[in-house]
There are 2 protein chains.
Amino acid sequence: MHLNQFWKASKKALPGDKVTPQKPGPAMRIPNVYEKDCPTRLVLDHIADKWTALILWKLVDGPLRFNQIRRIVEGISQKMLSQTLKQLERDGLVSRRAFATVPVTVEYSVTPLGHSLAEKMAAVSLWAQDNIDSVLSAQAKYDAGVDETA
Amino acid sequence: MHLNQFWKASKKALPGDKVTPQKPGPAMRIPNVYEKDCPTRLVLDHIADKWTALILWKLVDGPLRFNQIRRIVEGISQKMLSQTLKQLERDGLVSRRAFATVPVTVEYSVTPLGHSLAEKMAAVSLWAQDNIDSVLSAQAKYDAGVDETA
DNA sequence: CTCGCTAGTTTCGTTTGGGTACTAGCTACA
DNA sequence: TGTAGCTAGTACCCAAACGAAACTAGCGAG
């Protein structure tokens, strides 16, 4: 299993730190996002991302072209959209299909794998919309408290 | 309601783009993460973050001190931990309590608001752990395909 | 007397993100 | 016959963010 090779790198944490041993035998490792060199950490870094969440969620409703996504996801730059889509395609979360139309059109759609993740990320986006008032009032309270710490 | 003021800024998108009007009256706006100037977008940027997901999830099991978190979340720097915790506290997701012990100890715990988000983010982390094999094989297939495009 | 613990802040070099300009080839319109 | 627009990106440059490491302060233990 090729997954094991990712843990070959040095596992030393902070000097003097005792990290929980977690059975370091040659047996198959259980993926753990809290381990520094675990591939899940890299994947988490890709997917726990603003643009990923927004793009993936919209693609669930149906395939979209490059510039359609750009118009829907307000504020995204061409560079970040291109970059994020490429990343998503590499991770097997979206599939890219080019059509030989007059100006070449490219259609992005979500894969079954991407669909399962999109549901989780959508929950986060929805949380933000549902709880924005609580967060904003917490921020206001915090900022007021910091000011009067004179 | 103070939430409205956030939409006062210019709403022009790309030149020539027709963004869906979405009733721009003085009525209360529905928070929408796809709008460029919506505060939910800022919050989403905070919470859709690798460190936020990892820290918040661990705090659900019980309060932790600064250096405890640092040891658990492998690879996080003191700077990012400090920064992320401060952000989480400002957003009302975690609460910070300092104890006048000999070396001052500081305890971080998750608020009810933070707990509700932690559940959503945990689902994303768990997704990464559950689907790491699928993602890695997709990456391998993609990389192989790119190479042979010569 | 020096080392280590606590919780951070500061500094600095590298990496990443974002804005803008630019590409190609075709179409619609004046 | 210009020329302005569409498509999907890429190239470049600067600013912001990230990460590693050094440094803060005060006390306990060896």
Inset, instruction - Quick one: list whatever passes side chain to side chain contact (heavy atoms under 4.5 Å, CB included) with B:Ala48, sequence neighbours left out. - result: B:Leu44
Inset, instruction - Please state how far atom CZ in A:Arg97 lies from atom P in D:dA8, giving the value in whole angstrom units. - result: 14 Å
Inset, instruction - Answer yes or no: does a side-chain N or O of A:Arg71 lie under 4.0 Å from OP1 or OP2 of D:dT7? - result: yes
Legend entry - Closest heavy-atom pair and its distance - A:Pro63, A:Ser109: CB-CB, 3.9 Å
Legend entry - With sequence neighbours excluded, residues passing side chain to side chain contact (heavy atoms under 4.5 Å, CB included) with A:Gln87: A:His46, A:Arg90, A:Asp91
Inset, instruction - Can you sort out the partners of B:Leu81 under side chain to side chain contact (heavy atoms under 4.5 Å, CB included), two or more places apart, ordered by chain and number? - result: B:Ile55, B:Phe66, B:Ile69, B:Arg70, B:Ile76, B:Leu85
Inset, instruction - Only counting residues at least two apart or in another chain, list the ones meeting side chain to side chain contact (heavy atoms under 4.5 Å, CB included) with A:Pro103. - result: none
Inset, instruction - Rounded to the nearest angstrom, tell me the gap between atom CZ in A:Arg70 and atom P in D:dA8. - result: 9 Å
Inset, instruction - Take the protein atom CG of A:Leu81 and the nucleotide atom C1' of D:dT10, then report the distance between them rounded to whole Å. - result: 13 Å
Inset, instruction - With rounding to the nearest 0.5 Å, note down the distance linking CG in A:Leu113 to OG in B:Ser137. - result: 8.5 Å
Inset, instruction - May I have all residue pairs that pass salt bridge (Lys or Arg N to Asp or Glu O under 4.0 Å) and include part of residues 54-69 of chain A, sequence neighbours excluded? - result: none
Legend entry - Under the salt bridge (Lys or Arg N to Asp or Glu O under 4.0 Å) test, residues paired with A:Arg41 that sit two or more places apart: none
Inset, instruction - Kindly say if B:Lys86 contacts the phosphate of C:dT9, meaning a side-chain N or O under 4.0 Å from OP1 or OP2. - result: yes
Legend entry - Side chains of A:Gln83 and A:Lys86 in contact at under 4.5 Å (non-hydrogen atoms): no
Could you write out each protein N or O paired with an N or O of nucleotides 22-28 of chain D at a distance under 3.5 Å?
residue	atom	partner	partner atom	Å
D:dA22	N6	B:Gln78	OE1	3.0

Legend entry - For A:Lys50, salt bridge (Lys or Arg N to Asp or Glu O under 4.0 Å) partners two or more places apart: B:Asp45
Legend entry - Terminal axes of the helix from C:dC1-D:dG30 to C:dT23-D:dA8 (five pairs each): angle between them, nearest 10 degrees: 30°
Inset, instruction - Using heavy atoms and a sub-4.0 Å distance, could you list which residues of residues 59-68 of chain A are near DNA chain D? By number, please. - result: A:Arg65, A:Phe66, A:Asn67
Considering only nitrogen or oxygen atoms on both sides, find all protein atoms under 3.5 Å from nucleotides 14-19 of chain D and state each distance.
residue	atom	partner	partner atom	Å
D:dC18	OP2	B:Gln83	OE1	3.3
D:dG19	N7	B:Lys79	NZ	3.4
D:dG19	O6	B:Lys79	NZ	2.6

Legend entry - Which residues share a salt bridge (Lys or Arg N to Asp or Glu O under 4.0 Å) with A:Glu119, sequence neighbours left out: none
Inset, instruction - For residues A:Val73 and B:Tyr34, determine if any side-chain heavy atom of one lies less than 4.5 Å from a side-chain heavy atom of the other. - result: yes
Legend entry - Inter-residue atom distance B:Thr40.OG1 - A:Asn131.CG, 0.5 Å rounding: 11.5 Å
Inset, instruction - Measure the shortest side-chain to side-chain distance between B:Trp51 and B:Leu88 over non-hydrogen atoms and say whether it is less than 4.5 angstrom. - result: no
Inset, instruction - Would you mind classifying the nucleic acid contact of B:Phe99 as base, sugar-phosphate or nothing, using non-hydrogen atoms under 4.0 angstrom? - result: nothing
Legend entry - Phosphate contact (D:dT10 OP1 or OP2) by A:Ser82 side-chain N/O below 4.0 Å: yes
Inset, instruction - Please state how far atom CD1 in A:Ile76 lies from atom C1' in C:dT16, giving the value in whole angstrom units. - result: 15 Å
Inset, instruction - Let me know the distance between NZ of A:Lys36 and C1' of D:dA20, rounded to the nearest Å. - result: 13 Å
